[in-house]
Structure formats: structure tokens, C-alpha cells
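See below for the structure under consideration.
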Amino acid sequence: MNTTVKLCGIELANPVIPASGTFGYGAEFAALYDINCLGTFSFKGTTRSPRFGNPGPRIAEAPAGLLNSVGLQNPGVDAVIAEELPRLREVFHKPVMANVCGFSVDEYVEVAAKLDACPEVGWLEINISCPNVHGGGMGFGTCAESAAEVTREVKAAVHKPVIVKLTPNVTDIVSIARSCENAGADGLSLINTMLAMRIDPATRRPVLKNLTGGLSGPAVFPVALRMVWQVYEAVGIPIIGMGGVSSAEDVIEMLLAGATAVGVGAANLREPYAARDIVEALPRAMAKYGIDNLQDITGGAHNG
Amino acid sequence: MKKGIFTLAEARFAAPNLRLMRLRGDTEGAAGPGRFVEASVPGFFLRRPFSVCGVEGDTLTVVVKLAGRGTERLLALPEGAQLELLTGLGNGFDLARAGERPLLLGGGSGVAPMLYLARELAKLGAKPSAAIGFGTAAEVCFEREFREVCPELRIFTMDGSRGERGLVTQALGEGCSAVCACGPLPMLRAIDEQSPVPAQFSLEARMGCGFGACMGCTIETANGPRRVCKDGPVFSSGEVRW
């Protein structure tokens, strides 16, 4: 039984990739289990300068999921390279995915180029889909032209594979996906969180100080699956499918919809061993559904 | 951090909407005043954080205050029910820094973890005194338990219906070696501003994961952004940017 997949020319032992913003730089999870069992993971979204993020509360409960409005808290790219990557190297010995965010095309290019030069980094995941920052993030991902511009400029400045992370908060994700592919993207990640809100009846105010946040968790899984399906029909580059993935069965569904690899996000926050448990459950799920080779089933649901 | 299934062995209401719950399971590594657990709640996605209020053998005590729909479910949970807990979370109070005559301040549901701290300090030979504050007389709880370990106990209520009228910050003064506190943020902030002796505060926050991964509960501190769940929940005087 073979769980390996190939993502933009780099082989992964399995398709399971903890998603950016739910796994820090790996240390919290490495204290619990050997995170080298994972295909890889995408580290916390990184910007040029340090960011505190949004004021709290920035977490809210939802039916089968949660809302977050963290807003890209991170120590800035230079501190990530100087402090976080050396620590990461101690606990994770495979190529890691660097998640890049910005408030201007220049910032995306600068951060991506700096992380491109780090030997720990295997792929650059360009986050044009964060719903919790203003004047950046999702602003670039809701319009085909700006999504293409970021993709094109970053591609011109780096050597490693560029995977563009897309937002579901658009009328037509397929046109954005096509636009990124045409601009040179090596892969696509989808979906980021869905813009959402909760109101506390006791205070009559939104629960999140930022008013809105991004919904993730099992609640969004069918939406993510549908979008992966649609994008797979429209592009030829690999897709990392994510959004509410919580089990080995969910991984298989994502692959059948058209994903090459699969992100695991909110599940890590509810269940610290979630990603490891999914990796361990894969062979049994493959046996159950008669799958010998995981990479053979990508897009399998589109046949016939 | 450890994950385990706990059984609700015993539960009683210490005050209206404040339920003391004794949970039986693997408590290894869970003990320590100021540390907390994350409890799964049937029907809800995120776990809920609760201060540890005592660990004896295989029994761990938490005190759950009604705050929303998740805690409402926990308040109604029958004895014998099972909960999955993440234990051994957070840094906890530094008992060595409390000194010989620490003053413990608790506000509302924050008095419960302070009782645990008082008991642990007394075991170490310290002579803790305590001031516990509530809204009204009906909410006063754990008085008898505090008297067992604190030679001096002051009770405050906001409306004066029991004990002294006012806030526990009125108990602050020079006569103690250190202050340890748990309660609403405005109370902790006032202590930080007014205490003449070094203080430690156990903060409350709306958390996502509870173990440092999501950055949901980050606060501003003098040392930069810090996660309440992982770098705290106990912080020291002058550290928190309130």
C-alpha cells in the first residue's frame, strides 16, 4: 500500500499537511508526537514586519467549527528566519511549506524571496486569502487581475514552487484559479476560511472584536470539496485541498475531488493529535476502499 | 499536555450557576495551582478551558461558571458522564515566589483556583491570608474551606450584603510577602496598579486550542505578544499591557 504523493516535484510520504495558522512552527505538536510522520506542514503566515494581529476576543464557537479573527500574528520574516526556522529544524527534517502574506505586491515578493532562500523551505504558499486583515490578504485574492499580479511577481523572484492559497469568498473561484495558473502558479491551495460572524445575545454585540472572522472546521468541508472539484476541472496544476478535513475518509474524498495533497486545519485545534491520527488511519481507509496507491485516485470522482 | 477520558464522579453547586465538578481519570501531570484543563463539551467543537481547583489521587476538581451555551451543557451534565480532557496546560503560579505570608485575592469564580493555591501554600508551610469578593451574599462560596487554611480571611461583596462592601483590592497593603490573584480582568488590572508587593495574576481568555497553536488568546505584554494559554495563564507584575 502506497501513501506517497508528489507535490510540485517533491515527494511526500503521505498527502497530510497541517494548514497554516493551526500548527505554529511545529513546536507545540512536536512536544506531543513525532511530526516527521506528516507529509509536510505549512507554517504560520509570515509578513514583512512583526504583527500582533487583531484585538481579542478573536475566537468564537460555531456549529461544527470555529471562527477566528487572529489577523496574521507573526514575528515578521526576519525573526522567522533567525529564530523560528532553527527551532523548526530541530523537530522537523523534511521540506516545510512557508506561508507568505502581505499588504502590497512588493511585500509578498520580499517575504517570498527571503523564505525562498531558506534551505528548510520546500514550497512557498502565497496567502492571498486571509479574511482578517484590511488592505491586504484577501484583497488580492478576490480579483483575478491582482491574484495574477501577485503570482507573477512572486514567481519572477523565487526558485521554489509557488502555491497560491485561494479564498472561497468570491463569486467564481474557478476564474481566480485559472488566472493564477496562467500567471505561473505551480499549485493552488483551497480553501481559506469563509467570512463569518457570531453575535452574543447577552451583549447584543458580535462575539469577535474584529466583528467578522473566518469560519473553518467540518462545517465548511462540503463547500471546500465542491470548490476543489470545480477548480480541478479547470486547471492542470496540483491542488492542496483543505477545509474541515478531519479524518482519513475526508482525505480520500478530497483526493477523489481532485486534490493532490490535503490540508488539515481546525482539526488540529480541537484535537492535538488529529494530523497524526489521520496519517495512521490512512492505510486502513485505503484497504477499506480498495486503494493501493493514493496518488492514483486524484480526481478519481470525475471519471464517468 | 496529556489527553484522557474523565468520568464526572461527583458534582454540586457551590453557588448559583457555579458547579464544582470532581472528575476521575489519569491526573498525572495535571496538578498545580494556576494550571488548567481543556474539557470537551458534548455537541460543541472547541474545548472549554477551566482552572484546576484541586488534584487528589485520580480525582481532578474544576469549578464551572455558567458563561454561555457550552458551560450551560456542562452544568447539566449528569454524574457518571464522560468528558475528554487535555490536562497539564499552562504555567501555573510560582509558589516559591509567594513567600511566607502571601495574600491571595479571588473574585467571583476566580476564588476556586485560589482555594487550591491556598491549600498548596499551606502544605509548604506558608501562612496565606485571603480576600474573596463576590457580587452579592448569594454568590459567596468556599468560605469554610478557606478558613481551614487561611488564618485571615476577608469577604467582600459589591452590594455589601455580606462581609465588607466593596472590592478585594481594598485588602491590598504592605503586610504581605506577595500577592496572587484570579478574577475578572479589571480586578487584576487594579491589583497590578495598586499592589505595593510583587503580584502574580491568573488571566482568563477566550481560547481556541488551549495549547499554543492557534494564537487566539494572545495579549500584549512588556515582553511582546504572549499567548495566555501557553506562556500564561499566570503573569507577573508589570508584565501585562492591560
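In what follows, chains are A, B, ... by sequence order, proteins preceding strands, each numbered from 1. Worth knowing before you read on, the calculation uses all heavy atoms, side chains too, and leaves out hydrogens, waters and symmetry mates.
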Could you check whether any side-chain heavy atom of A:Arg51 comes within less than 4.5 Å of a side-chain heavy atom of B:Pro225, counting everything from C-beta outward? no
Return the CD to CG distance between B:Glu38 and A:Leu269, rounded to the nearest 0.5 Å. 10.5 Å
Which portion of B:Leu86 sits near chain A, non-hydrogen atoms under 4.5 angstrom: side chain
Heavy-atom distances under 4.5 Å only: say whether B:Arg48 touches chain A with side chain, backbone, both or neither. side chain
With only heavy atoms counted, which part of A:Asn54 is less than 4.5 Å from chain B, the side chain, the backbone, both or neither? neither
A:Arg58 and B:Thr218: side chain donor to acceptor below 3.5 Å: yes
Determine, for A:Glu28 against B:Arg227, whether the closest basic-nitrogen to carboxylate-oxygen distance falls under 4.0 angstrom. yes
Find the distance between CE (B:Met215) and CG (A:Asn68) and round it off to the nearest 0.5 Å. 11.5 Å
To the nearest 0.5 Å, what is the distance between CE on B:Met1 and CG on A:Leu32? 4.0 Å
Options B:Arg69, B:Lys2, B:Glu84, B:Arg47, ranked by heavy-atom pairs under 4.5 Å with chain A, top entry: B:Arg47
Residue part contacting chain B, namely of A:Ala31, when any heavy atom lies under 4.5 Å: neither
Pairwise distance OH(A:Tyr273) to NZ(B:Lys3) - rounded to 0.5 angstrom: 7.5 Å
Hey, are the side chains of A:Pro63 and B:Phe44 touching, using non-hydrogen atoms and a 4.5 Å cut-off? no
To the nearest 0.5 Å, what is the distance between CZ on A:Phe29 and SG on B:Cys209? 6.5 Å
